[in-house]
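Shown next, in structure tokens, is the structure this report addresses.
Read the numbers this way: they start at 1 and go in the same order the structure lists the ligands and their atoms.
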Amino acid sequence: MPKVIENVGCPYCGCSCDDVRVTVSDDGKDILEVENVCAIGTEIFKHGCSKDRIKLPRLRQPDGSMKEISYDEAIEWTARHLIKAKKPLMYGFGSTNCEGQAAAARVMEISGGMLDNCATICHGPSFLAIFDNGYPTCTLGEVKNRADVIVYWGSNPAHAHPRHMSRYSIFPRGFFTGKGQKKRTVIVIDPRFTDTANVADYHLQVKQGHDYELFNAFRMVVNGHGDDLPDEVAGIKKETILEVAEIMKNARFGTTFFGMGLTHSDGRNHNIDIAISLTRDLNKVSKWTIMAMRGHYNIAGPGVVWSWTFGFPYCLDLTKQNHAHMNPGETSSVDMAMRDEVDMFINIGTDAGAHFPYPAVKQLKKHPWVTIDPSINMASEISDLHIPVCICGVDVGGIVYRMDNVPIQFRKVIEPPEGVMDDETLLNKIADRMEELIAKGEA
Ligand code: SF4
């Protein structure tokens with residue numbers, strides 16, 4: 001009899017939806033149906049039970065081809081290269097569980113290398129602003145139950161977080177928001193007329209790269225200097241700024257969700273810094289919160305796990321071995337790659353081959369490159385060694401942190417392909433082997 005599994009987690013975006021229903025075949029190997037999941041999530045589950053999954057590690061041969069090797073051989077290769085490297089970098093972690101992230105911290109502590117996650121090319125600027133200015137945030141449940149004004153600034157959930165609007169922000173009827181969308185005012189601030197802007201009450205088509213000025217204008221109004229505004233700021237008319245600022249001030253509970261439109265454009269951390277300042281200003285007259293639209297389902301995880309372990313969320317320098325150091329710009333993955341400072345690269349739970357700037361990939365490619373990933377991707381295709389692992393939320397469970405830092409227990413729904421390890425097991429075996437080699441003086 002096929003089995004229905006409820007409350008399954010979707011391992012794709014930062015919404016970390018945990019209301020997915022999966023119907024699994026009698027033998028526990030096939031996924032027959034997935035419900036309550038968006039199109040992106042559906043593909044993850046379909047891919048998870050595909051018969052083409054990689055089952056054995058593959059090592060690059062002198063003629064450029066890849067040859068299957070055993071897990072033991074792959075662990076040995078990785079352990080020895082990590083010990084030999086002076087400054088190895090392990091990067092990724094958006095798509096694995098917290099248990100894997102903790103095991104990775106152990107590996108890099110032993111090897112004395114650099115440990116970084118996808119925040120470095122995503123919401124890293126948000127971290128910098130939060131260090132400077134605090135984080136007046138909330139949970140998504142509070143947004144659902146209380147928020148009557150929603151701002152999406154530089155983010156497009158209709159495409160990047162497809163169920164965000166229906167689960168948390170615009171459409172759900174919450175405890176104090178029983179009328180759902182009807183009683184919510186939605187403001188989208190984006191240079192493009194996106195599908196998210198299409199469902200908003202207000203679309204402020206800010207000039208690309210001029211968000212900082214627009215934040216300043218809103219702060220002027222909230223602080224009582226609206227009359228001094230010029231006729232237009234960042235492409236937005238003064239009357240519109242005054243009207244929208246009035247809605248913000250009169251909110252019962254407002255939330256600003258922000259994304260790559262702010263972290264990837266001119267100003268970066270300063271855009272977030274001033275967004276936080278506006279949130280603080282609004283809290284003098286209303287109740288306002290702010291939240292980063294974190295990308296992957298567990299990209300908040302390494303920030304939490306490594307803060308507990310080392311005191312820093314990303315860009316960790318563990319080379320001193322007895323204390324950690326963090327200084328984005330100096331210890332961030334792309335910066336180190338561009339300066340050719342690292343001499344081994346481990347890509348795990350991400351695809352740096354596809355998403356790093358090409359000059360950074362070229363530099364990293366000069367050195368041994370290991371990819372730990374369930375699937376073939378750009379990183380695996382340019383690797384010296386590709387080690388397949390389980391897919392979190394599909395064939396292994398674990399803890400993940402949603403975009404609002406709420407931990408969620410993801411379930412395993414099917415059996416992994418025979419012999420395939422999960423990240424935690426693999427990384428702990430690499431750590432064990434490194435300790436053995438160091439103890440024997442063989443490294
Ligand atoms: S919104 Fe995100 S977490 Fe939810 S089902 Fe879609 S991809 Fe998965």
Would you mind listing every side chain to side chain donor-acceptor pair (under 3.5 Å) that reaches into residues 296-312, with sequence neighbours excluded? none
Taking ring-ring contact (aromatic ring centres under 6.0 Å, His included) as the test, write out the residues that go with F193, two or more places apart. H203
Hey, what do you get for CD1 (I130) to CD1 (I272), rounding to the nearest 0.5 Å? 8.5 Å
Excluding waters, which protein N, O or S atoms are within less than 2.8 Å of atom 6 (Fe) of ligand 1? C38 SG
Check ring-ring contact (aromatic ring centres under 6.0 Å, His included) between H210 and all other residues, then give those that pass, not counting sequence neighbours. none
S265 side chain to G261 backbone, donor-acceptor under 3.5 Å: yes
Using heavy atoms and a threshold below 4.0 Å, how should the contact between S16 and ligand 1 be classified: side chain, backbone, both, or neither? backbone
Below 6.0 angstrom between ring centroids: does that apply to F258 and H123? yes
